Structure formats: C-alpha cells, structure tokens
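Below you'll find the structure, written out as structure tokens, and then a few comments.
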There are 2 protein chains.
Amino acid sequence: MGGMSDVQRARIRLQISREAARLFWDQGVAATSGDQIAEAVGVSTRTIWRHFRNKESCAEPVIMQGVVTLLGVLSAWPKDRFLEDHLKAELARLGVEEPPVSFADEMLATQMIWLADTEPALRASWLMACDQTERELGVIIGNRLGLPPDDLEVRQHAAAAAAVIRIHDEHIGAAIVAGADVAEYADVEALSKRYAHAIRTATGGAIGDPVI
Amino acid sequence: MGGMSDVQRARIRLQISREAARLFWDQGVAATSGDQIAEAVGVSTRTIWRHFRNKESCAEPVIMQGVVTLLGVLSAWPKDRFLEDHLKAELARLGVEEPPVSFADEMLATQMIWLADTEPALRASWLMACDQTERELGVIIGNRLGLPPDDLEVRQHAAAAAAVIRIHDEHIGAAIVAGADVAEYADVEALSKRYAHAIRTATGGAIGDPVI
DNA sequence: CGACAGTATGTCACTAAGTGACACGTCGCG
DNA sequence: CGCGACGTGTCACTTAGTGACATACTGTCG
C-alpha cells in the first residue's frame, strides 16, 4: 500500500523546483518550457505535470524554503518566552548546527522572490506561498491565543504577521540581489529584533509577549 | 494618436470580466473555456487574450470592484480626521448617492472571492488583486506619514492593512454566500468601526489617528 | 526466491490556452 | 475623399496540461 512517501514526494518536487528556478533565473519564465525543465531534471515532461499543476508553481518548493526556517522556529516558540528572545536563541542555534536549508537553496529562493516583483506569473506563486505561510501562522497564533485557527481575530493577526514577514523577505532579497553583502543580514541579534518588532506591531501587540 | 482610452479599455475588460465571473460561478473555472467567455460577451476569442493575460485573470476586474470602494474612500481621507469618522461619513454618503459599483457587481465579486478559497487558480487572481490594493495603500499611507511609498515601514503598514482588509472581505463574503442576510453588513457605523479597528491594530496604531 | 499487487513513470494522442501575422472595418483628420 | 492609426476577426501555430495505457520498480506474502 502507501505509494510514494511524503518525504520522497517532497524530494522530487524540490529537485524539479531547483532546476526550474535555475532556468527561470537564467532565461526568464516565459522562455523556459516544460520540456526544458524535464530534460534538466532527467525525467519525462509528463512527470513534471504530475507533480505540479502548472509551470510557475514549479518554483514554489524553492520559494517555500525561503520561509520554512522562520516558520519552523515559530512553531517551536514556547508560550512563556518573548518572541525576540526565542528568535535570537533559535537562529543562533541554527547558525551553529546543520542549517535546515542549504545556502544554494536560500539563494535560489531569494532570486525567485526578486523575480516575482516583475514576473506576474511568479508573483502569483510567491503570493500563494505566502498564503500557505499565513495558514500555518494561523495555527501557531491560534494555539498561542487559545483560539481556533479560523477565528476572525486569529486570522487577522496571522494575515498581518505573514504580510510583514513577506515585506521583510522581499526587502532583504532585493538588497542581496542588488549586491548587498549577505553577511549584513547575518547579525542574529538585529534580525531577531526586527522580525519580532514587525510582528508585534502588525498584531497590535497581541503576538510577541509571553502568554500566561 | 493615443489608441483606446483607458476608460474604454476598462469598460470592455469589465464587460468580459462579468461574463467570465458568471460562468466561473455557474460551472467552475476549469469547465469554462476561453471560447465560451468570448461567445457570452459577443467578441472573438482572440480579443479575450488581447485584454487578459490568462483565463483566471478575467475575474480580476470584477474582484477589484469589491475593494475599489474602500480604496476610493481611503484615498480621500483628510489628514486631520479619525479613520472611523471618515469611514462612517463617506460610507453613509455613498449609501445615499449613486453607489460607485452596482449591487450585481458586488455580488459577483463576493462570489469570486468565495470561489477563490477553493479554486487555486482564482486564489492567485484574488491575491494579485490584493497585492494591487497593497500598492495603492502604500501610496496613501506614505502620503499620510510623509514618507515615500517604498519606505520599509510604509510597506509594512500597507501590507498589514491590506491583509486585514482581505481577511474581512473573505469573512464577510463567506457569510453572505452561506446565506447570511446582506442587510447585516449594511450597518455603516459598526462596519466603519470594525475596519478602522482592524487597520489601527494591524499598523500598531500608526494609521488611524489624525496626523499633525 | 518467486509470484503478486500497487504505484510511479514513460509514451503518445489529444484538448485547450495563448501568440503571431495579416486582412478588414472604423474613426478622426486634413 | 484619402490617409493613417488602431481595434478586431480569422487562421495557423506553439505549448501548457490531461487521459489512457503499457511498463518498470518496489515491497509483501507465501
């Protein structure tokens, strides 16, 4: 029974996504055909469409990698801690241990997010990825506030928080693509403070402090 | 010189959008072909693709109508007024005067927004429409704070505000489609307060009060 | 080890989305 | 009237995406 395991499925999707993103970046989305992606990955074109509903969404897994770290950190946020403290500790820990996503993938994600600013097809994918982020944030925030994830207030906080995270990602991504030093964004302390402040502001202070 | 005027172009786009939205609602997006939309409007299929980059985006003008009222009201928000007061006055005025968008269009927009919850193709269009809203909000907020629209703080406020407006629209839309009385949302006073509160919260209090 | 079941993939024919090129009708202008 | 500009229709064409079927792979049970 069982078919392909989720992790296996995720791996092939990521593999396809990497090649697609590389091609999108090198020659543009419109100029990249499904056949080309398939050839680059080494599978048949049909397989591409089995794993992705359309060409643009081939970029989604790579784009997702760009936010998956932060989302993972937020999932593990204990109720009795300040957001900035938790972020700082976790991001520092990730810097020492094996990072969950490779630097090359982060770079690809950054490039895709930057491309999304001008390529409308990719923008839709990017927004869909952020939409997914928002739903997951809804669960986290709902949990923290002791409310169901589909509660109106929870959804508002989640949407606002996801929105400012997106703006940050776009902002940093644009700077990096423009040639800014990547190290500039390696200051865990400052980064944590900025994210925490943005989320706290966007939720009117509802998310950020310990909850009793 | 000059070609088709913008208003003319907008009119044909809206016309196409109405028929497309009706068909999407009646038989689903996938089951609706470009040829069908063209026939319903009474133009050639080629003309459809001249005005829209793809099938799903045919719904965008109608979807946009759903937020255009609020956006117009916000554009005219004087610096020395509280948001709730301005909203209340303007929405009440619009109720008396000729409304900027017909009730039928509002209903179509509501249906499309509801459909977007399950149809991924439409969701992308809906998110793109919200993205547009966000950009316009950026101009309004930047103006209000005396900052350029691409300032990071302005963008964060605009994104968060656009996000909570979207959540509200989805929430109200879902209720109406589910059969709630439309009149329930005709209470201008309550509606103004809710929008104002949501925006004020999402911007950490930065947007909502008069600015000196 | 070997037969079997389930499923992911390849192949191929097919539908439909979307584009390019060109001809035609219309409208404003001298 | 003649001219130029532009929106639209027609048609051929490319390519995204699906359905159907054959095949190869993978794990399980005897």
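Being a predicted model, the structure only gives us computed values, none of them experimental. Throughout, protein chains are lettered first and strands after them, A, B, ... in sequence-line order, and every chain is numbered starting at 1.
- Non-hydrogen atoms lying under 4.0 Å from DNA chain D are contributed by B:Val43, B:Ser44, B:Arg46, B:Thr47, all within residues 34-49 of chain B.
- Rounded to 10°, the helix from C:dC1-D:dG30 to C:dG30-D:dC1 has 10° between the axis fitted to its first five pairs and the one fitted to its last five.
- Applying the salt bridge (charged side-chain N to carboxylate O under 4.0 Å, His left out) rule to pairs touching residues 35-49 of chain B yields nothing, sequence neighbours excluded.
- Within the structure, the ring-ring contact (aromatic ring centres under 6.0 Å, His included) test picks out no pair touching residues 142-165 of chain A (sequence neighbours left out).
- Listed by first then second residue, pairs satisfying salt bridge (charged side-chain N to carboxylate O under 4.0 Å, His left out) with a partner in residues 148-158 of chain A read A:Arg155-B:Glu170, not counting sequence neighbours.
- For B:His51 and D:dT8, the shortest distance from a side-chain N or O to OP1 or OP2 is below 4.0 Å.
- The list of ring-ring contact (aromatic ring centres under 6.0 Å, His included) pairs with a residue in residues 87-117 of chain B, not counting sequence neighbours, reads B:Trp25-B:Trp114.
- Within the structure, every pair that satisfies the salt bridge (charged side-chain N to carboxylate O under 4.0 Å, His left out) test and touches residues 23-34 of chain A, not counting sequence neighbours, is listed here: A:Arg22-A:Asp26.
- Atom CZ of B:Phe52 is separated from atom P of D:dT8 by 12 Å (rounded to the nearest Å).
- Between the CG atom of A:Leu23 and the C1' atom of D:dT15 there is a distance of 16 Å, given to the nearest Å.
- Ranked by how close their nearest DNA chain D nucleotide is to the 5' end, A:Thr32 and A:Arg50 are led by A:Thr32.
- Between B:Arg200 and B:Tyr195 there is no side-chain heavy-atom pair separated by less than 4.5 Å.
- Sorted pairs that involve residues 118-156 of chain B and meet ring-ring contact (aromatic ring centres under 6.0 Å, His included), not counting sequence neighbours, are lacking altogether.
- In this structure, A:Gln8 atom CD and C:dT7 atom C1' are separated by 11 Å, rounded to whole Å.
- Judged as a side chain to side chain donor-acceptor pair (under 3.5 Å), and not counting sequence neighbours, A:Arg13 has no contacts.
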Expected rows: protein N/O vs nucleotides 24-27 of chain D N/O, under 3.5 Å:
none

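- One interatomic measurement links the two molecules: CD1 of B:Ile12 to C1' of D:dG9, which rounds to 13 Å at whole-angstrom precision.
- Evaluation of the side chain to side chain donor-acceptor pair (under 3.5 Å) rule for A:Ser57 yields A:Asn54 as partners, not counting sequence neighbours.
- For A:Glu106, the side chain to side chain donor-acceptor pair (under 3.5 Å) test picks out no residue, with sequence neighbours left out.
- Note on A:Glu134 versus B:Arg166: salt bridge recorded, some NZ/NE/NH1/NH2 to OD/OE distance being below 4.0 Å.
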